[in-house]
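Only one structure is covered here, and it is reproduced in the block below.
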Amino acid sequence: MMDETIFDKIIAKKIPADLVYEDEDILAFKDINPQAPVHVLVIPKKKIGRFAELGHQSTNFIAKYFIGISKVAEHLGLEKDGYRVIFNNGEDAGQEVEYIHAHILAGRRLQWPPG
């Protein structure tokens with residue numbers, strides 16, 4: 001079993017987070033180090049370590065997670081001006097927590113390439 005992460009503690013309500021959306025499958029909260037005016041993390045309530053592990057999950061789980069990310073963006077009213085969804089997989093990509101999470105960035109014109 002993977003070590004307990006900060007995201008496990010947020011789901012268990014052991015530590016606070018600035019929640020923006022929750023349903024039975026996902027939890028979304030504001031990033032503590034925002035990189036855009038809107039920067040929200042979306043995590044599944046079922047723990048998966050990395051994006052690369054999605055290939056070992058059921059299509060039902062994957063669909064619920066991706067639909068959940070879309071619901072969060074809609075809930076935040078981001079559809080009109082657009083938003084970016086980012087997954088970091090592994091240390092070299094900038095993944096700081098070993099728990100899959102999508103970053104939703106919005107609220108300004110985002111540059112490309114991202115870096």
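Values reported hereafter were calculated over all heavy atoms of this structure, with side chains retained and with hydrogens, waters and symmetry mates removed. Position 1 is the first residue of the sequence; numbering continues from there.
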Taking Lys45 for the side chain and Asp23 for the main chain, is one N or O donor matched with an acceptor at less than 3.5 Å? yes
If you compare all heavy atoms of Leu78 against all heavy atoms of Ala106, which two are closest, and at what distance to 0.1 Å? CD2-CB, 3.8 Å
In terms of ring plane angle, is the pair His39 and His103 parallel, tilted or perpendicular, where the classes change at 30° and 60°? tilted
Please evaluate residues Tyr65 and Ile100 with respect to the criterion side chain to side chain contact (heavy atoms under 4.5 Å, CB included), reporting the C-alpha separation (whole Å), side-chain torsions for both, the decisive distance (0.1 Å), and the verdict. CA-CA 10 Å; Tyr65 183 42; Ile100 192 173; 4.0 Å; yes
Gln57 atom CD: more than 12 heavy-atom contacts under 6.0 Å: yes
Taking atom NZ as the centre, does Lys13 end up with more than 12 heavy-atom neighbours from other residues, nucleotides or ligands that are less than 6.0 angstrom away? yes
Counting only heavy atoms not in Ile6, do more than 12 sit closer than 6.0 Å to its CD1 atom? no
Tracing side-chain contacts under 4.5 Å among Ile, Leu, Val, Met, Phe, Trp and Tyr outward from Leu110 reaches Ile86, Leu105
Connected to Ile67, directly or through other members, by ILVMFWY side-chain contacts below 4.5 Å are none
Considering all heavy atoms, the nearest Asp8-Thr5 contact: OD2-N, 2.7 Å
Under the side chain to side chain contact (heavy atoms under 4.5 Å, CB included) criterion, do Asp3 and Glu98 qualify, and how do the steps go? CA-CA 9 Å; Asp3 291 337; Glu98 190 77 11; over 6 Å; no
Determine the interplanar angle of the Phe66 and Phe87 rings, folded into 0 to 90°, and report it as parallel if under 30°, tilted if 30 to 60°, perpendicular if over 60°. tilted
N/O donor-acceptor pair under 3.5 Å between Gln95 side chain and Gly49 backbone: yes
Should the heavy atoms of other residues, nucleotides or ligands under 6.0 Å from CZ of Arg108 be counted, would the total exceed 12? yes
Heavy-atom closest pair, residues Val85 and Ala102: CG1-CB, 4.1 Å
Side-chain donor/acceptor of Tyr99 to backbone N/O of Pro44, under 3.5 Å: yes
Ring-face cation contact, Phe61 with Lys46, 6.0 Å cut, 45° max: yes
